[in-house]
Amino acid sequence: MRQAASLQIPRSSKEVLMSDETRAKPTADEEVDARDVRKVRMGKVDELRAEGIDPYPHRFDRDHDIADVRDRFADLAAGDETDYKVKLAGRIVLMRGHGKLVFADLRDRTGSIQLFVSKSVVGADELSAFENLDLGDWVGVEGTVMASKRGELSVKLNGFEVLAKCLRPLPDKVKGLADVDTRFRQRYVDLVVNEDTRHVFNVRFKAINAMREWFHERGYLAVETPMLTMIQGGATARPFITHYNALDMDVYLRIAPELYLKRLIVGGLEKVYEIGRVFRNEGVDTRHNPEFTMVECYDAYADYHDMMTLTEELVSHVAKETIGTTKVTVRGQEIDLAPPYPRETMSDLIADKLDVRVHPSMPVEEVRAVMDQLDLTYKDEWGSGKLCDQIYDKLVQEDVLGPVFVIDHPREVSPLAKATPKDPSVVERFELIIEGRELANAYSELNDPTDQLERFEAEARNKAQGDVEAGDVDFDYVRALEYGLPPTGGMGLGIDRLIMLLTGKTSIREVILFPTLRPEVFADEPDEPLGD
RNA sequence: GCGCCUCUAGCUCAAUUUGGCAGAGCAACGGACUCUUAAUCCGUCGGUUCUGGGUUCGAGUCCCAGGGGGCGUACCA
């Protein structure tokens, strides 16, 4: 990538390309320029200015989207012409010159349509000005709707204006842009040339809208809670740390909004949800980006059974709204997201797959024996619950096709969930597993302040012993619980993973507009020292 | 973090069993063409083969180091 330095256009090229005289007798300089698409196009910008035309005008009054025109004239017969006038705006994506006739494809966000530019309508000067456009230019056009002899719906141009020049050549009009690195770094180009990319993000935008509407209709309040936090909590993850100058203290970027949302339930808001970014200072791979989007919702008086119903309804609703079906195909396997999803205990899933029966209530020695037998490593401080969770996590989950609600998680790995009445070693919690991945996580929220404080303290002890993922004691949260958190069901769902599911993408970067990447090196730019 | 793979024109890709003048399509530029659909036809231009070393008479190709990216793996949602 050689952006920065070459952005400086030599003065000479301006003069060379502006003058008709020098154009008639090409200089050596100009021949060099002709190889450089950017310089040629910058020359065209100068030419426009020389003619008194602003190549970057301030606005354009369009009166139709391209889709409007297509809908309205869907039945126009080949060769028919109308006197219906339209003003459209968009990018020129294809051009087919034909002497005294030029065809071009104009695209806006609703679709594309053919432009029909005839010398007999616009005159020689305007036709040649149009031919002088480049692929990628933004233009505003005015014309009448017609269908070509071959039946292609078209706009017969009366006039056009450049809205912004495209100085850089677009990638191959057929093959598009395939280089993954460039696609992610220059997403704007990816979006221009790759239909599939536009589709993926349309699904994403629609899914989030559908989700907001769905919560709104059910009386949930859309709330916003802090992203800069003083206390690490709400999930088990390593946080990003940044510095707040005014208070001269380090703060965390949130790893989950959970503890704030439940404070709002204490405050009596009863039904809340938040869709937003969370940040986890962990590795990057096809399923993980350091910043990702999740939705969390909390419902007073509900428990985790209610949240299961809510989750399966939400997921299937969003699927129908975005891709029109609840059936999705991932890696050749068809999965139906229509409810209800089966409920399976973690212990049963382990027994089915590995033919061993373990449970968090078992003596730790017995579970350790199973770990040994399965060749799994463990730490001395881990109890039966953590060991069971490890067995499930390492050996079982990846083979769960789902959708299935895995229930009865060990209390030891669920510091914010309420234990089941029948068995204090497991909690009222579920994870929605699809294709071996955790899509959602929910529980009957722990609302006993004394119990909660003990669990925080256990975490803080782990943190003091070097566990970077363990949280702090959130005294304010405990105080909130002392004011009374009603029985509450809460659920969190990873939106990026849901979009992967809906679009069949196997990499999370395909569903995030600007995924986290290493900084780009600009070859022509001197290295800027960035500290060490 | 570790392992494997990969990087050639603006874009998409070629370049023979360790090696022998770096090529094509699209885009661009010049020209022809009033119904094309990735228009077509004629002509022209375009390269630090990711970077730096090394082996060799000779390196896109082989070796070493570095960089970007992908996949797998670990932590994790």
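The figures that follow rest on heavy atoms only: side chains count, while hydrogens, waters and symmetry mates do not. Note that this is a predicted model, so its numbers are computed, not measured. Letters go in sequence order (proteins before strands), and every chain restarts at 1.
The aromatic rings of A:Tyr392 and A:His409 sit perpendicular to each other, their planes meeting at more than 60°, with 30° as the lower class boundary.
Using Watson-Crick or G-U wobble geometry with both donor-acceptor distances under 3.5 Å, B:U17 finds no partner in any strand shown. In this entry B:G58 has no Watson-Crick or G-U wobble partner, no candidate having both defining distances under 3.5 Å. For B:A22, there is no paired nucleotide, since no Watson-Crick or G-U wobble pair has both relevant distances below 3.5 Å. In this structure, B:G1 and B:U73 make a Watson-Crick or G-U wobble pair, each of the two defining distances being under 3.5 angstrom. Within the shown strands, B:C50 is the pairing partner of B:G66 under the Watson-Crick or G-U definition, both distances less than 3.5 Å. Pairing for B:U40 goes to B:A32, judged as Watson-Crick or G-U wobble with the two contacts each under 3.5 Å.
Proximity of A:Arg518 to the phosphate of B:G68: a side-chain N or O atom is located under 4.0 Å from OP1 or OP2. Taking 4.0 angstrom as the limit, A:Arg96 places none of its side-chain polar atoms (N or O) nearer than this to OP1 or OP2 of B:U36. Between B:C11 and A:Lys175, no contact under 4.0 Å exists linking OP1 or OP2 to a side-chain N or O. For the OP1/OP2 pair of B:C29 and a distance below 4.0 Å, the side-chain nitrogens and oxygens of A:Lys44 include at least one atom meeting the criterion. Proximity of A:Arg185 to the phosphate of B:G69: a side-chain N or O atom is located under 4.0 Å from OP1 or OP2. Between A:Lys173 and B:A39 there is a side-chain polar atom (N or O) within less than 4.0 angstrom of OP1 or OP2.
For A:Tyr84 and A:Phe73, the gap between ring centers is short of 6.0 Å. Checked against the 6.0 Å centroid criterion, the rings of A:Phe215 and A:Tyr273 qualify as a close aromatic pair.
Rounded to a whole angstrom, the distance from the C1' atom of B:G31 to that of B:C45 is 15 Å. For the C1' atoms, the distance from B:C33 to B:C42 is 12 Å, rounded to whole Å. The same atom, C1', is picked in B:U8 and in B:A24; the two are 13 Å apart, to the nearest Å. One C1' atom belongs to B:G1, the other to B:C11, and the distance between them is 35 Å to the nearest Å. B:G47 sits 13 Å from B:G23 when the P atoms are compared, rounded to a whole Å. B:G60 and B:C21: their C1' atoms are spaced 14 Å apart (whole Å). Comparing the C1' positions of B:G68 and B:C26 gives an interatomic distance of 26 Å, to the nearest angstrom. Taking atom C1' on both B:C63 and B:A27, the two are 38 Å apart, rounded to the nearest angstrom.
Rounded to whole Å, atom P of B:G69 lies 13 Å from atom CG of A:Asn289.
Remark: ring of A:Phe103 does not overlap the six-membered base ring of B:A39 in a stacked fashion, as centroids less than 5.5 Å apart with planes less than 30° apart are not both met.
Among all heavy-atom pairs drawn from A:Thr82 and A:Val145, the shortest one is OG1-O, 2.6 Å.
Ion pairing between a basic and an acidic side chain is recognised when a charged N comes within 4.0 Å of a carboxylate O; A:Lys386 and A:Glu381 show no such pairing.
Without hydrogens or angle criteria, A:Glu282 side chain to A:Arg238 main chain gives a donor-acceptor distance under 3.5 Å. Side-chain atoms of A:Asp472 do not come within 3.5 Å of backbone N or O of A:Asp474 as any donor-acceptor pair. Between the A:Arg198 side chain and the A:Leu191 main chain, a donor and an acceptor come within less than 3.5 Å of each other. Remark: the backbone N or O of A:Gly176 is not paired with any side-chain donor or acceptor of A:Asn194 at under 3.5 angstrom.
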Might you work through the ring pair (Phe, Tyr, Trp, His ring centres under 6.0 Å) test for A:Phe240 and A:Tyr252, ending with a clear yes or no?
CA-CA 6 Å; A:Phe240 282 93; A:Tyr252 301 112; over 10 Å; no
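Shown for residues 385-403 of chain A: residues whose heavy atoms fall under 4.0 angstrom of RNA chain B, namely A:Lys394. Contacts of residues 145-158 of chain A with RNA chain B (heavy atom under 4.0 Å): A:Ser148, A:Lys149, A:Arg150, A:Glu152.
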